[in-house]
Amino acid sequence: MSEGALGAVILAAGGSSRMGSPKQLLVVDGQPMVARAAAAALGAGAHPVAVVAGSDADAVLAAVSGLPVIPVRNSEWPSGLASSVRAGLSALLATAPGIGAVLLAPCDQPGLTPAVALRLAAEHRRTGLIAAARYAGRNGAPAVFGARHFQALLALTGDEGARALLNADASGVSPLDMEELAADFDYPGDHARWSPGAH
């Protein structure tokens, strides 16, 4: 692995309480969502890729068992999204301490593709800033963070994830308009309504 390479953390630990079943395992384009998100990161050249599971961890990690990813079990997932960011980034740094940037991506965005990840990675390399998808009027995930932000990510707490880092200081973020990322799967009808041609 080259110094300064891109790693990725796929956030797939949530309890899917509103969905009523594990949304990580909903099938889109013939793949469970968690595998599709991991494949998007891998397809963009990210290595290593950590997949963080919590609720339904056995089934979620089984869905990515055929992919070259680092499986991470986050026992603290009920405390909120930040615990999964910390667990995933810690696993990446333990495996590849020289990575220069990390893609943080939730697994429930059907608009996440290798092309999206590549655009974000290229924007980060071009600007040196956090590269974030912008949709629904604000910056959000997926986003690529440089190594100088790793300590801030490791210090996150609660359920906000990296949202504060993405929206607090506009001068440190380069947003890319990606309205297709606004679609996510929270309720059963969201999955039923999604079709690849709708975005």
Side-chain angles (χ1 to χ4, degrees), residues 1-14 24 31-54 57-58 60-77 79-109 112-133 140-157 161-166 172-174 176:
M1 186 203 68
S2 62
E3 190 77 13
L6 174 72
V9 174
I10 305 302
L11 302 166
Q24 300 94 323
Q31 287 182 295
M33 289 290 286
V34 62
R36 191 172 178 275
L42 291 164
H47 179 78
V49 174
V51 175
V52 185
D58 288 345
V60 170
L61 293 178
V64 295
S65 61
L67 296 173
V69 300
I70 303 169
V72 180
R73 290 176 183 267
N74 175 22
S75 60
E76 298 180 23
W77 71 268
S79 71
L81 189 58
S83 67
S84 290
V85 174
R86 296 194 308 268
L89 182 55
S90 295
L92 284 191
L93 294 175
T95 302
I99 59 171
V102 62
L103 167 74
L104 285 186
C107 75
D108 65 344
Q109 292 173 310
L112 176 60
T113 63
V116 164
L118 280 167
R119 279 187 67 199
L120 290 166
E123 185 69 7
H124 168 72
R125 285 194 302 271
R126 185 181 74 81
T127 64
L129 304 176
I130 299 169
V144 173
F145 296 82
R148 65 192 178 99
H149 296 286
F150 288 176
Q151 287 306 311
L153 291 171
L154 292 169
L156 292 173
T157 59
R163 186 173 294 167
L165 292 177
L166 295 175
V173 181
S174 183
L176 293 175

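Predicted, not measured: the structure shown is a model, and the values here were computed from it. Nothing fancy with the numbering, it's 1 onward along the sequence.
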Could you tell me the separation between the CG atom of Leu67 and the CZ atom of Arg36, rounded to the nearest 0.5 Å? 13.5 Å
With no hydrogens and no angle check, is any side-chain donor or acceptor of Gln24 less than 3.5 Å from a backbone partner on Ala12? yes
Using every non-hydrogen atom in the two residues, find where Leu118 and Ala44 come nearest and quote the distance to one decimal. CD2-O, 3.5 Å
Measure across Ala53 and Ala13 and return the closest heavy-atom pair with its distance rounded to 0.1 Å. C-CB, 3.7 Å
Taking C-beta and beyond as the side chain, do Val64 and Pro71 meet within less than 4.5 Å on heavy atoms? no
Contact summary for Ala39 and Gln31, nearest pair of heavy atoms: CB-NE2, 4.1 Å
Applying the side chain to side chain contact (heavy atoms under 4.5 Å, CB included) criterion to Ile130, which one of Val144, Leu104, Val173 satisfies it? Val173
Polar side-chain atom of His124 near backbone of Leu129 as donor-acceptor pair, under 3.5 Å: yes
Between NE2 of His149 and CG of Leu165, what distance do you get to the nearest 0.5 Å? 7.5 Å
Taking every non-hydrogen atom, the tightest pair across Ala37 and Pro106: CB-O, 4.3 Å
Would a distance-only check, ignoring hydrogens and angles, find a side-chain to backbone donor-acceptor pair under 3.5 Å from Gln109 to Ala141? yes
Minimum heavy-atom separation for Ala132 and Leu120, please, with both atom names. C-CD2, 3.7 Å
Name the one of Ile10, Leu92, Val52 that satisfies side chain to side chain contact (heavy atoms under 4.5 Å, CB included) with Ile70? Leu92
I need the Asn74 CG to Ser90 OG distance, nearest 0.5 Å. 10.0 Å
4.5 Å side-chain heavy-atom contact, Val69 and Leu42: yes
Between Asp58 and Arg73, does any NZ, NE, NH1 or NH2 come within less than 4.0 Å of an OD or OE carboxylate oxygen? yes
Taking only residues two or more places apart in sequence or in another chain, which ones pass side-chain hydrogen bond (donor to acceptor under 3.5 Å, both in side chains) with Ser174? Glu123
So does Gly80 get a backbone contact from the side chain of Ser83, meaning a donor-acceptor N/O pair under 3.5 Å? yes
Closest approach of Gly88 to Val9 (non-hydrogen atoms, all atoms of both residues): C-CG2, 3.6 Å
With respect to Phe145, which candidate in Leu89, Leu103, Leu166 satisfies the side chain to side chain contact (heavy atoms under 4.5 Å, CB included) definition? Leu166
